[in-house]
Structures are given as structure tokens and as C-alpha cells.
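All remarks here apply to the structure that follows.
Naming convention: chains lettered A, B, ... in sequence-line order (proteins, then strands); numbering from 1 in each chain. These numbers come from a predicted model, not from an experiment.
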Protein chains: 2
Amino acid sequence: MAIAKTRDTCAGCPIRHRAVCAYCDADELAMLERIKSYATIAPGAPIFFAREPMRHVATVVTGAAVLSRTLEDGRRQISGLMLPSDFIGRPWRDTISYDVTALSEVVLCRFDRKAFETILRDTPHVAERLLSMTLDDLDAARDWSVVLGRMAARERVSAFLLALARRLGTPDPKVPERVTFDLPLTREAIADALGLTLETASRQMSALRRDGVIETEGRTRVVVPDLLRLQEEAQDDDDGGELG
Amino acid sequence: MAIAKTRDTCAGCPIRHRAVCAYCDADELAMLERIKSYATIAPGAPIFFAREPMRHVATVVTGAAVLSRTLEDGRRQISGLMLPSDFIGRPWRDTISYDVTALSEVVLCRFDRKAFETILRDTPHVAERLLSMTLDDLDAARDWSVVLGRMAARERVSAFLLALARRLGTPDPKVPERVTFDLPLTREAIADALGLTLETASRQMSALRRDGVIETEGRTRVVVPDLLRLQEEAQDDDDGGELG
DNA sequence: CTTGCAACTTGATGTGGATCAAGCGCACTG
DNA sequence: CAGTGCGCTTGATCCACATCAAGTTGCAAG
């Protein structure tokens, strides 16, 4: 599972595909506007299936989705968490090799794939922006491999919570190193993202709570009283400018 | 560790950056030609260090290199194997978050990063080609996460050998499903790529040899008598058109 | 050929996380 | 407000892989 950086979105602007093209001029935006459509997907519903023809590419506007692959015997690995401003799809390919599934209700801003490919060809701005985003995603995916390949269960859970805290966390107005966020995934999904069983994921969450690294409210809300403490647990020697 | 697909290279052509731009016209190629330089790196030598300023981007011409991250306590994860035609570098960023190390003697075709960024901006061909390559790399990295997150040691080693066989293997002229290749990595590097210890990697290689899935000659040569058999071991339900 | 060493193999033992197995508690539903 | 069930927690046991520890082999340099 890799979580990319948040892109600059134009928060007040209904044209969320600014996530794709932050610097387009009015004509270019109008062109994107013409081929876009919105879609709302119910929690748990599939967005795309591996190996099935994909007519669209899309940007997540609200909600959360996961990219996952499932082996024949049922073992599942989540390889990415898609949050608002993330781009889903594969220009110049009919199919992708993973399933995309909504976790919560997801609103997508979709573009017809063929039309988007034409825009990519004709509008260097958009292609360059998408290249930069894809390079970020690739860095994130490569960084995440050390979590899956080399980290112990406690470190994996910590690294995961840290990445979510950086992407979703709201800092306490009085204590900026204290952040709060809502987990968009069940324990089972967390386990599938981290290459663990749900029992181990749950136990490590409990251990982190016992040790004061996190606090929890209900099933989903997580409070990190001290981001630096969590960062140590996650073996993260990074300044937070990057992804977790 | 992820291994990308082989790109179309212009084999007889000294301008190896055709890997970057397969369809450039003569003027565009001449422009690339002007900013390129070759570099030869000794086996084991670093090519780039994580967090150090990068002046170049490059394409691997011959040899093999790995992308790796090392935690403070020495645990190392290899997140990519770079082979001829692969692109190394991060346009629009001064640094990368992983080390790049030569395994064998590596010849690089380098481009000054700033100059390459200008070309990317001015030559949609090149940007589009690089975007397509980066999307392939991202798919490969995501596909690989299921190996690190969910596969047993024997499956990991099998998946790794399968990926190498597809990328490097020479088919037997009489028996096309029988392929031979040379391992560009030591057992330790294989272990670091698969999130295992070198002992476990070695034991699984021995087990696969005992079971007739592979044959070995010396330390590096591997013969796969039946690719389909290896594919089953690697839980690969794929037709081989994609990466392993 | 022989020497030396790094790379590899194999064996014995230990352990973290998987697996198996109960419960618990919160959020709907009637 | 009780009933129902899914999502979660916690405990007991097991096993695949890590760790520790010798050997062995292949290869390069003399």
C-alpha cells in the first residue's frame, strides 16, 4: 500500500480536475470540462475490475478507494489507497491489473479515456502534470516496499498510521504535533494493506494504544498525541515533506 | 523489487536513448544527442545516493543496477532492478529517496537533468514516452507488492526467477519453454529484493532445484526447463505479456 | 596447481506472526 | 429498547522463517 502526497487542489473550485492540471489556461480547462462527468459509487462497490476494459480515467473528488490484487486462493494485497485529488486509470491501456474498490461513498470526476488521451497528446501542460504525479506515485510505491519487505508488524502499523496522519490529519489548533483523523479502512483492509492478518493488525493497534502512541475513539477515529513519537515507531527518518 | 517490461530499443543503434523516445524525428534525436554523455560505473559502485543532489537522468545501456533503501539499523530493501533500456532519475526533483548501486559494470547514457527537463517541456513525444514508461513502472511496482505482502518464501523466489526469466531469458532453440539466464544478483541481493534472509533465499533455490523447477550451473546461471511449471510455483495466472 | 576468501549451502534452534477459537461492543433493525 | 450481527479484541497454540553456527564450493590471483 502506498499513499501519495496530496496534490494542490483548487479547494473552492468545483472543477476538481485542477488536480490533473493545476496551471491550465481557460481554454484548456473548458476542453477538460467538456469531456468530464461525475459518478457516485456506493461504499464497498467496485469502481474498476482487473482485466476488464476501462472506458474512463478519473480523479477522486470525495471518499476513499483501494487498489488491490487477489490471488486465486483468496489472499489479498492492497497496493494503494486513493484519496481526494488522486488519479485513477491507465491512459493508453484498455485494462489495469488490479481492482479498484470504494471504501466509503466515492465521488469521481471522470474523463472518457480516449478523449483524455487526445488531450494528453495535444496539451503538454496536462501530460507534464500527469507525469509528475505518476513519478510521485512511483516514488511512494517504491518507498512503501521497505515497509512490506523489511518491517515488523508494529512498525508496519505505525508507518501506515503515520502516512494517514500526514495525509488526513487535522492538527490540534493549540498543539500542532497532535493530530486527529478518521481511518477510512476496516482492520481487515489495514491488514491487507500491510501484509498482515487482521488479528495482528488489531493487536498492534492495541499495543500502540497501551503504549500511548495513539488514542482511539470508536472504531475509526485516531488521535496521535505526538507525531514525532509515531515517527520513531515507524522508523521514519524523514522530515515529513515526503510521503510516509 | 519490481522489474519492468523491456522497452523497444533500437538494438543496432548507438543512440540508446531511443529507449526514451522511440518515435522522435531527426531534429529531436539530434537535440537529445547534444546533451547526452556516457558513463561507466564499476561493479558495486554507487550511481546515485538517496538525498544527494542529482545532476543527471540516465538510461541503462549495459549491466544491471538496483534501487534500494536501508534503514538505520542496516535492514535493506531492494525496490527495483534496473536493466538495459530502463530509465533512472527523477525529472523536476533534486533528490531521490533511494540509493542506486551498480551490480555489474554499468554503462549509462546520461542527460543533464535541467536540459532534459527543457526537452520534456518542448518535446511532447519525449514526455509522452516517459509518461508511458513511468506508468508501466508504477504498475510493476504495484503488482510486486503482492509478492512482498502475501507470498511465502518459495513463491517469492519463484516469482522473482520468473520475472528474470521473462526479462533476461534466452529460449532454447529446440524447446521454447526452456529458458536460460544469468542471475545478475548475489543471494544476499536476492534476499534483499524479496524481504527474506539470504539463508532462506538460498534454501528455497535449493528446494526448487531439488524439485526440478530449475537447474543451476555455477553460481549465476539458471536454467528453467519449463516456464509454465515455474509460473505455477509463482502463483502467476498471467499470460506473460505483462511483467512478472 | 594451490591458496585464500567471499559467496553459498546446510543444519539446529528460537521466535514473531499466523491460525484457531472465544468473546465483546457498537450500530442498525424491528 | 431488545435483538441481531458484523467488526473488533483478546487468548492459546503452531509453524514458517529468522537467527546462530558450521562447513563447502567456486573463482580469482599468485
Side-chain angles (χ1 to χ4, degrees), chain A residues 42-44 66 71 73-78 103-105 147-161 182-211 214-222 233 235, chain B residues 42-44 66 71 73-78 103-105 147-161 182-211 214-222 233 235:
Chain A
V66 291
L71 298 176
D73 57 9
R75 283 176 289 174
R76 189 170 84 125
Q77 179 65 38
I78 289 176
L103 291 172
S104 51
E105 182 173 282
V147 174
L148 292 180
R150 287 296 179 207
M151 284 193 180
R154 183 183 174 110
E155 293 167 333
R156 292 188 200 205
V157 172
S158 301
F160 178 73
L161 293 174
D182 280 309
L183 281 171
L185 311 84
T186 63
R187 299 290 185 273
E188 185 174 24
I190 293 172
D192 283 347
L194 296 175
L196 301 171
T197 57
L198 76 92
E199 293 96 327
T200 299
S202 175
R203 269 187 256 269
Q204 298 302 333
M205 294 273 292
S206 301
L208 290 172
R209 191 186 323 116
R210 233 187 350 264
D211 298 345
I214 59 171
E215 297 155 17
T216 57
E217 297 165 23
R219 281 173 178 168
T220 61
R221 173 137 309 200
V222 176
E233 293 285 348
Q235 299 283 324
Chain B
V66 291
L71 297 175
D73 58 10
R75 282 177 288 175
R76 188 170 84 126
Q77 178 65 39
I78 289 175
L103 291 172
S104 51
E105 183 172 282
V147 175
L148 292 180
R150 287 294 178 210
M151 283 192 181
R154 183 182 173 112
E155 294 168 332
R156 294 188 199 205
V157 172
S158 300
F160 178 73
L161 293 174
D182 280 309
L183 280 172
L185 312 83
T186 63
R187 298 290 184 272
E188 185 175 24
I190 294 172
D192 283 347
L194 296 176
L196 300 171
T197 58
L198 76 92
E199 291 96 328
T200 298
S202 175
R203 267 186 259 268
Q204 298 303 332
M205 295 273 293
S206 301
L208 290 172
R209 190 186 323 116
R210 234 189 345 268
D211 298 345
I214 59 171
E215 297 155 17
T216 58
E217 296 165 22
R219 279 171 178 168
T220 61
R221 173 135 311 200
V222 176
E233 293 283 348
Q235 298 283 324

Nearest-Å distance, [atom1] ([X]) to [atom2] ([N])?
| X | N | atom1 | atom2 | result |
| --- | --- | --- | --- | --- |
| A:Leu194 | C:dA18 | CG | P | 11 Å |
| A:Glu188 | D:dC6 | CD | P | 13 Å |
| A:Met205 | D:dG7 | CE | C1' | 13 Å |
| A:Met151 | C:dG16 | CE | C1' | 17 Å |
| A:Leu103 | D:dG7 | CG | C1' | 15 Å |
| A:Glu217 | C:dA27 | CD | P | 12 Å |
| B:Arg221 | D:dG26 | CZ | P | 16 Å |
| B:Leu183 | D:dC27 | CG | P | 13 Å |

Hey, is the main chain of [Y] close enough, under 3.5 Å, to the side chain of [X] for a donor-acceptor pair?
| X | Y | answer |
| --- | --- | --- |
| B:Ser158 | B:Arg154 | yes |
| A:Gln77 | A:Ala193 | yes |
| B:Ser206 | B:Ser202 | yes |
| B:Arg150 | A:Arg76 | yes |
| A:Arg156 | A:Leu148 | yes |

Quick check for you: among [options], whose closest atom lies nearest to any side-chain atom of [X]?
| X | options | result |
| --- | --- | --- |
| B:Arg219 | C:dA6, D:dC17, D:dC6 | C:dA6 |
| A:Gln204 | D:dT9, C:dT10, C:dG17 | C:dG17 |
| A:Leu196 | D:dT9, D:dC17, C:dA18 | C:dA18 |
| A:Arg187 | D:dC8, D:dC17, C:dT9 | D:dC8 |
| B:Arg203 | C:dG11, D:dT10, D:dC17 | C:dG11 |

Could you tell me whether the phosphate oxygens of [N], OP1 or OP2, come under 4.0 Å of any side-chain nitrogen or oxygen in [X]?
| X | N | result |
| --- | --- | --- |
| A:Thr200 | C:dA18 | yes |
| A:Thr197 | C:dT19 | no |
| B:Arg209 | C:dT9 | yes |

Is there a donor and acceptor pair closer than 3.5 Å between the side chain of B:Glu199 and the base of D:dC20? yes

Nearest-nucleotide check on DNA chain C, B:Ser202 vs A:Ala201; residue mapping nearer the 5' end is B:Ser202

